[in-house]
J.: 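My structure is below; once you've seen it, I'll send some questions.
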Amino acid sequence: MARVLTPQSEDFPRWYQDVIAKAELAETGPVRGSQVIRPTGWAIWERMVAEVDLRIKDADAENCSFPLLIPESYLKREAEHVEGFAPELAVVTIGGGKELEEPAVIRPTSETVIGEFMAKWIQSYRDLPLLLNQWANVLRWEMRTRLFLRSAEFHWQEGHTAHATREDARDYVRRILHDVYEDFMVNILAIPVVVGRKTVRERFAGATDTYTLEGLMRDGKALQMGTSHELGQNFAKAFDIGFLGSDGKQHHAWTTSWGVSTRMVGGMIMAHGDDNGLRVPPRLAPVQAYVMVVKDGEGVSEAAQSIHKALKAAGVRVKLDTRTDVPFGRRAVDAELRGYPVRIELGPRDLKEGNVTIVRRVDGSKAAVSVDAAAKAVTDALEADQQALYDSALAYREAHTSDATTLAEALEAAQDGFVRLPWDACGEDGETQANQQGVSVRCLVRADGSVPDSGDEPGLIAYLARSY
RNA sequence: CGGGACGUGGCGCAGCUUGGUAGCGCACCCGCUUUGGGAGCGGGGGGUCGCAGGUUCAAAUCCUGUCGUCCCGACCA
C-alpha cells in the first residue's frame, strides 16, 4: 500500500496537517489565521452542532443571535475582561468610508453585548433564570494559528445565562458541563475527558470560576475541549443586570457563560486518527456507511442500490459510490482518509456467492456477509465500533496517565500524557515553574475525581500535561 | 515584538552563483487499455517568475525598496 500520510510516530504535527489536507477538511484562508472549512470538514462540524444543540435545548436554553460588532466601550466595562482580550481584538474604525464615532470590536466572545441586553430584559426574579445560547463565529487575533485548534476566526456556540442566586448559577454551569458537554464528548465523540476546575491562572478573563473538559490526544498532549464559567456578579455589576427579588429588594443577577468550538474537530482528529487517516466515531459520522461499487456488471449496481435503500431505511447515514471509472484503490484510500466507519464493497466476484464485503475502519477488518444480512451487519458494526473507539481512547489515556508526588517527577512524566499531582505539592509557584517548561496545570479535581467547588478545598489533585 | 527562511502554472519544487526571455513531479483535459488497495501508455491546456523601481542591448537570475507568508521563541479560554 502506498504511503499517503506522514506516520504519526514520525512527525505528529505533520501527520495532522497531512490528514486535514488529504481528507479535504480545511485549509488556510487568505487573511492570516483565517481558515476555509471544506464540505467534508463542515459536515463533521454540522453533526457536532446537531448533537450539542439537542442537549442545550434539553437543558432549557434558547437559541438567539447577537451582533458581530460590539461597541468598543462595552469591552472596557469589565476590567479583567478587557485586559484579557485587548491584545487579540480586531477593531472596525471605518464604515461607509467614514471614520466611526465609536470604534466597533469584532466579537471575541459576547458576554458584554448580551449582558447589556439582559439588563434590559430582566426586571424581576420572575424573569430568571434567563437561558440563552447562540451559534456564531468569533474573532481573536491569535499570534500563532493551527487549523481547527486555534484559528483567528472560529465557529462555536456560546451560552449566556442569568440567575437569581449563586447556587442556581453554579448548578446550571455544572449541568451544562456534565449533561451537555461531557455527555456529548463521551457518547458521541467517543473521547474520555477529565472534567475539572481551572486554576486561578487559567481562569477565563472576568470569571470567578472556570471549569473545563480536557481530552488527551494521541501524541500525549492535552486539549481543552470545552469550558463553562461562573461569572459571579462581575458582569451583572458592569452591565447593571439587576432584578427585584421576592423580598422586595433590588439584587444583581449571577451570570454564566459556556462554549464549545470547531476546535473539537481537531480534537476528534487527534484523539482517534491513525496512519490511514480519520477514524470518525459512528454516531458522529456524517457518512456512516459507504456503499462502493467495485466493478460493474452482473446486477452489481442493482444490488448496490437495494443495499443503499435498505440502510437508509434502517436510519443509517449512507453514501453510494458508483464511480467505476475511478480506480478502486483511490476510492478505498479516500474512504479511509475520511474515516467512514463502514465500507460495503460490491463486485461481481462477491455477488456470485451472494455476498458483499464489509470493511470496518476502526480495525481494518474485512468480512464477507450475505446480501440479505448486510444491513444488519452494518448497524451492528456501527454500534460495536463506536464503543471500540471509546475503549481504545480510554485505554490510551489510562496508559498515559501517571501519578507523581513531587513537581520534578511530574514535569518528567508530563512529557508523555497526564500526570496527577497533589495540588499541595504543586501550588501556584509550582504552576509557574511548570509553565516555564511547557507544562500546564490542566485542571483540579477532588481525590474521587469529582469537580471541586473551590480551588482551596483540601486534598485536591492537579492534572498536568503539555497542551495545545 | 526578537531570531531564521521563503515568495516561480492549482499544489510541491528546480532554475538564480557564471543575465540570453521558463522546466520537473503531482493535479487537470482528450483518447485507448485498465479497474478487488492511490492504474498504464499516448496526446494536450495552463505561468512572465509577489510588487515597485534601478543597472543592462537583454533580468526569474544582479542592485534597492516594499508587501506577504512560513518556522523557532515570546504571547495565548
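Every chain is numbered from 1, with letters handed out A, B, ... down the list of sequences.
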J.: Could you tell me whether the side chain of A:Lys366 has a donor or acceptor atom within less than 3.5 Å of a complementary atom in the base of B:rG37?
T.: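 Side chain to base: pair present.
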J.: Atom CG of A:Asn435 to atom P of B:rC75: distance rounded to whole Å?
T.: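 Rounding to the nearest Å, CG of A:Asn435 and P of B:rC75 are 9 Å apart.
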J.: Pick from A:Thr256, A:Asp168, A:Val451: which one makes a side-chain contact (heavy atoms from CB on, under 4.5 Å) with A:Val173?
T.: A:Thr256
J.: What is the distance from CD of A:Glu142 to P of B:rC75, rounded to the nearest Å?
T.: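 Answer to the nearest Å: 14 Å.
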J.: Less than 6.0 angstrom from the centroid, inside 45 degrees of the normal: does A:Lys221 satisfy that with respect to the ring of A:Tyr468?
T.: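 Yes - A:Lys221 lies over the ring of A:Tyr468, closer than 6.0 Å to its centre and within 45° of its axis.
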J.: What nucleic acid atoms does A:Trp141 come within less than 4.0 Å of, heavy atoms only: base, sugar-phosphate, or nothing?
T.: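 Contact class for A:Trp141: none.
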J.: Describe the nucleic acid contact of A:Thr212 in one word from base, sugar-phosphate, nothing, applying a heavy-atom distance below 4.0 Å.
T.: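 The answer is nothing, as A:Thr212 stays clear of every strand by at least 4.0 Å.
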J.: Rounding to an integer number of Å, can you tell me how far A:Arg330 CZ sits from B:rU35 C1'?
T.: 13 Å
J.: Please give, in whole Å, the distance from B:rA77 P to A:Leu139 CG?
T.: 16 Å
J.: Counting only heavy atoms not in A:Glu88, do more than 12 fall under 6.0 Å of its CD?
T.: yes
J.: Rounded to whole Å, please give me the gap between CZ in A:Arg331 and P in B:rG38.
T.: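 Roughly 13 Å, once rounded to whole Å.
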J.: When you match A:Lys22 and A:Phe85 each to their closest nucleotide on RNA chain B, which lands nearer the 5' end?
T.: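 Comparing both residues, the 5'-ward one is A:Lys22.
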J.: Kindly confirm or rule out a cation-pi arrangement of A:Arg197 over A:Trp423, judged by NZ or CZ under 6.0 Å from the six-membered ring centre and within 45° of its axis?
T.: no
J.: Which of these nucleotides, B:rG36, B:rG37, B:rG38, is closest to any side-chain atom of A:Arg343?
T.: B:rG37
J.: In this structure, how many angstroms lie between the C1' atom of B:rA77 and the CD atom of A:Glu80, rounded?
T.: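 That distance rounds to 14 Å.
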J.: Taking the minimum atom-to-atom distance to the side chain of A:Arg349, which one of B:rG38, B:rA77, B:rG36 wins?
T.: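 Out of B:rG38, B:rA77, B:rG36, the nucleotide with an atom closest to A:Arg349's side chain is B:rG36.
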J.: Using the P atom as the reference point in each nucleotide, state the distance between B:rA60 and B:rG7 in Å, no decimals.
T.: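 Per the computed distance, 16 Å lies between those P atoms.
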J.: Determine whether the aromatic ring centres of A:Phe204 and A:His81 lie less than 6.0 Å apart.
T.: yes
J.: Distance between the P atoms of B:rC49 and B:rG20, in whole angstroms?
T.: 15 Å
J.: Using whole Å, what does the distance between atom P of nucleotide B:rC76 and atom CZ of A:Arg146 come to?
T.: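 After rounding, the gap between these two atoms is 18 Å.
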J.: Taking the same atom, P, in B:rU56 and in B:rU61, what whole-Å distance lies between them?
T.: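 Between the two P atoms, the distance is 16 Å.
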J.: Roughly how far apart, to the nearest Å, are B:rA14 and B:rG54 at atom P?
T.: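 About 30 Å, rounded to a whole number of Å.
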J.: Using the C1' atom in both, what is the distance from B:rC70 to B:rU34, to the nearest Å?
T.: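 So the two C1' atoms sit 42 Å from each other.
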J.: Using Watson-Crick or G-U wobble geometry with both distances below 3.5 Å, tell me the partner of B:rU69, or none.
T.: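 WC or wobble partner is B:rA5.
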J.: Looking only at side-chain atoms of A:Phe204, point me to the closest of B:rA77, B:rG38, B:rG36.
T.: B:rA77
J.: Look at the side chain of A:Pro327 and decide which nucleotide, out of B:rA39, B:rA77, B:rG37, has an atom nearest to it.
T.: B:rA39
J.: Pick the C1' atom in B:rG15 and in B:rG19, then give their distance to the nearest Å.
T.: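 B:rG15 and B:rG19 have their C1' atoms separated by 13 Å.
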J.: Which whole number of Å gives the distance between the P atom of B:rC11 and that of B:rC51?
T.: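 Comparing P positions in B:rC11 and B:rC51 gives a spacing of 15 Å.
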J.: Please classify the nucleic acid contact of A:Arg323 as base, sugar-phosphate, or nothing, using heavy-atom distances under 4.0 Å.
T.: nothing
J.: For B:rA59, give its Watson-Crick or G-U wobble partner with both distances under 3.5 Å, or none.
T.: none
J.: Need one value for A:Pro13: base, sugar-phosphate or nothing, where a base atom within 4.0 Å counts as base even if backbone is also close, heavy atoms only.
T.: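 Counting heavy atoms under 4.0 Å across all strands, no contact is made by A:Pro13.
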J.: Base, sugar-phosphate, or nothing for A:Asp350, non-hydrogen atoms under 4.0 angstrom?
T.: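 Base contact - A:Asp350 has a heavy atom under 4.0 Å of at least one base atom.
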J.: What integer number of Å spans the P atoms of B:rG50 and B:rC16?
T.: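 One P to the other, the span is 16 Å.
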J.: Contact between A:Val419 and A:Tyr463 at the side-chain level, heavy atoms closer than 4.5 Å - yes or no?
T.: no
J.: In the strands shown, is B:rG47 matched to any nucleotide by a Watson-Crick or G-U wobble pair with both distances under 3.5 Å, and which?
T.: none
J.: Taking only the side-chain heavy atoms of A:Val333 (C-beta and beyond), determine which of B:rC76, B:rG37, B:rG36 contains the nearest atom.
T.: B:rG37
J.: Which listed nucleotide (B:rG38, B:rG37, B:rA77) is nearest to the side chain of A:Leu337?
T.: B:rG38
J.: So what's B:rA27 paired with, Watson-Crick or G-U wobble, going by both distances under 3.5 Å?
T.: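 Its partner is none (no Watson-Crick or G-U wobble pair with both distances under 3.5 Å).
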J.: For A:Thr109, answer base if it contacts any base atom (sugar-phosphate contacts may also be present), sugar-phosphate if it contacts only those atoms, and nothing otherwise; contact means non-hydrogen atoms under 4.0 Å.
T.: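 Base contact.
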J.: Quick one: does NZ or CZ of A:Arg397 land under 6.0 Å from the six-membered ring centre of A:Phe418, within 45 degrees of the ring axis?
T.: no
J.: Report the residue (A:Asp334 or A:Trp156) whose heavy-atom-nearest nucleotide on RNA chain B is the more 5′ of the two.
T.: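 Per heavy-atom nearest nucleotide, the more 5' residue is A:Asp334.
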J.: Would A:Arg174 and A:Tyr172 count as a cation-pi pair here, with the cationic atom under 6.0 angstrom from the ring centre and within 45° of the axis?
T.: no
J.: Counting Watson-Crick and G-U wobble pairs only, both distances under 3.5 Å, name the nucleotide matched with B:rU35, or none.
T.: none
J.: Provide, to the nearest angstrom, the distance between the CD atom belonging to A:Glu153 and the P atom belonging to B:rA77.
T.: 20 Å
J.: Which nucleotide in the set B:rG36, B:rC76, B:rG38 lies at the smallest distance from any side-chain heavy atom of A:Arg150?
T.: B:rC76
J.: With a non-hydrogen cut-off below 4.0 angstrom, is A:Arg140 in contact with a base, only sugar-phosphate, or nothing?
T.: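 Base contact.
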